[in-house]
Undergrad: 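Sharing a structure below in structure tokens format, with a few things to ask.
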Amino acid sequence: MAGTPPIPAEALREALAPCLPWLRGEADQPARAVLGAAVKTTARWLAQQVPGRSVEVRVPPHVAVQCIPGPRHTRGTPPNVVETDAATWLRLVAGLQTWDEAVAAGRVAASGNRADLAVVLPLRPFRAGPPA
């Protein structure tokens with residue numbers, strides 16, 4: 001993420017806002033471009049706030065980012081990987097679902113001893129509760 005301008009918290013909220021009614025079960029899934037923008041913005045914000053290269057967070061087909069300080073991998077599959085779908089990722093980000101709930105439901109695949117994102121999710125701008 002070096003050389004990428006920081007994502008302001010307001011831009012993070014704006015990217016997620018159009019997806020919230022869908023995530024709450026109140027509306028249809030937003031357009032792919034809207035969903036993709038929300039996923040990419042939130043994942044990149046996480047990587048910006050918790051920089052590092054020890055964990056790879058994957059939300060196919062939208063984004064993969066590296067974050068969390070610690071040992072760096074350089075070849076092949078990283079030892080610490082988190083993978084989930086877009087809806088689960090955005091629910092985790094917004095505080096609509098807990099990490100433990102998502103893992104227990106099989107909605108998150110997390111491998112490696114650093115792949116527990118419970119301490120960084122929901123993202124800080126949403127910790128007091130998801131936006132209205």
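All residue numbers refer to positions in the sequence shown, counting from 1. Only heavy atoms go into these numbers, but all of them, side chains included; no hydrogens, no water, no symmetry mates.
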Undergrad: Looking only at heavy atoms, what is the nearest atom pair of Arg58 and Ala64, with distance?
TA: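 So the minimum-distance heavy-atom pair works out to CG-CB, 4.1 Å.
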
Undergrad: Taking all atoms of both residues into account, what is the closest heavy-atom pair of Leu12 and Pro125, and its distance?
TA: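 Taking every non-hydrogen atom into account, CD2-CG, 3.6 Å.
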
Undergrad: Report the residues that fulfil side-chain contact (heavy atoms from CB on, under 4.5 Å) with Val103, sequence neighbours left out, ordered by chain and then residue number.
TA: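 In terms of side-chain contact (heavy atoms from CB on, under 4.5 Å), with neighbours along the sequence ignored, Val103 is linked to Trp99, Val108.
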
Undergrad: Rounded to the nearest 0.5 Å, what separates atom CG in Leu123 from atom CD in Gln48?
TA: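 With rounding to 0.5 Å, CG (Leu123) is 10.5 Å from CD (Gln48).
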
Undergrad: Let me confirm one number: the CZ-CG distance from Arg114 to Asn80, rounded to the nearest 0.5 Å.
TA: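 Atom-to-atom, Arg114:CZ and Asn80:CG are 7.0 Å apart.
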
Undergrad: Hydrophobic clusters here meaning ILVMFWY residues chained together by side-chain heavy-atom distances under 4.5 Å, can you tell me if Val81 and Val55 are in one?
TA: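 Not linked; separate clusters.
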
Undergrad: Would you say Val65 ends up clustered with Val119 if hydrophobic residues are merged whenever their side chains have heavy atoms under 4.5 Å apart, either directly or through other cluster members?
TA: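 Both belong to a single hydrophobic cluster.
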
Undergrad: Taking all non-hydrogen atoms of both residues, which atom of Leu92 and which atom of Ala102 are closest, and how far apart?
TA: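 For Leu92 and Ala102, the tightest heavy-atom pair comes out as CD2-CB, 4.0 Å.
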
Undergrad: Tell me the closest heavy-atom pair linking Gln66 and Ala47, and the distance in Å.
TA: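 Here Gln66 and Ala47 meet closest at O-CB, 3.5 Å.
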
Undergrad: Working to the nearest 0.5 angstrom, can you tell me the gap between Asp85 CG and Arg107 CZ?
TA: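 One gets 4.5 Å once the value is rounded to the nearest 0.5 Å.
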
Undergrad: Does the Thr42 side chain pair with the main chain of Ala38, one donor and one acceptor, at a distance under 3.5 Å?
TA: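 Yes, the answer is positive, given that a donor and an acceptor are paired below the 3.5 Å cut-off.
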
Undergrad: Sequence neighbours excluded, which residues qualify as side-chain contact (heavy atoms from CB on, under 4.5 Å) partners of Ala86?
TA: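 Checked Ala86 against side-chain contact (heavy atoms from CB on, under 4.5 Å); matches are Leu35, Val39, Val59, His62.
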
Undergrad: Looking only at atom types and distance, does a side-chain atom of Arg91 sit under 3.5 Å from a main-chain N or O of Leu23, one as donor and one as acceptor?
TA: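 A pair under 3.5 Å: yes.
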
Undergrad: Examine Val57 and Val50 and state if one hydrophobic cluster contains both, with Ile, Leu, Val, Met, Phe, Trp and Tyr joined whenever side-chain heavy atoms are less than 4.5 Å apart.
TA: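 Hydrophobic grouping puts Val57 with Val50.
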
Undergrad: Between Arg127 and Pro122 (side chain of the first, backbone of the second, donor and acceptor by atom type, cut-off under 3.5 Å), is there such a pair?
TA: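 Pair found, side chain donor or acceptor close to backbone of Pro122.
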
Undergrad: Give me the atom names and distance for the closest heavy-atom approach of Trp89 to Thr84.
TA: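 So the minimum-distance heavy-atom pair works out to CB-CG2, 3.7 Å.
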
Undergrad: Is Leu90 reachable from Val63 through a run of hydrophobic residues whose side-chain heavy atoms are each under 4.5 Å from the next?
TA: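 Yes; tracing contacts between hydrophobic side chains, which count when under 4.5 Å, links both residues.
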
Undergrad: With a 4.5 Å limit on heavy-atom distance, are the side chains of Val82 and Glu56 in contact?
TA: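 The answer is no; the side chains never approach within 4.5 Å.
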
Undergrad: Working to the nearest 0.5 angstrom, can you tell me the gap between Cys67 SG and Arg53 CZ?
TA: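 Taking SG in Cys67 and CZ in Arg53, the distance rounds to 11.5 Å.
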
Undergrad: Are any side-chain N or O atoms of Ser54 and backbone N or O atoms of Pro69, one a donor and one an acceptor, separated by less than 3.5 Å?
TA: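 Yes, Ser54 side chain to Pro69 backbone: donor-acceptor pair under 3.5 Å.
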
Undergrad: Linking I/L/V/M/F/W/Y whenever their side-chain heavy atoms sit closer than 4.5 Å, directly or via other members, would Phe126 and Leu96 fall into one cluster?
TA: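 Yes, because Phe126 and Leu96 connect within a single hydrophobic cluster, where side-chain heavy atoms sit under 4.5 Å apart.
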
Undergrad: Does Glu101 use its side chain to pair, donor to acceptor, with the backbone of Thr98 at less than 3.5 Å?
TA: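 Yes.
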
Undergrad: Give me the atom names and distance for the closest heavy-atom approach of Arg32 to Pro61.
TA: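 In this case the closest contact between Arg32 and Pro61 is NH2-CG, 3.6 Å.
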
Undergrad: To the nearest 0.5 Å, what is the distance between CG (Leu46) and CG (Leu117)?
TA: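 Result: 6.5 Å between the selected atoms.
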
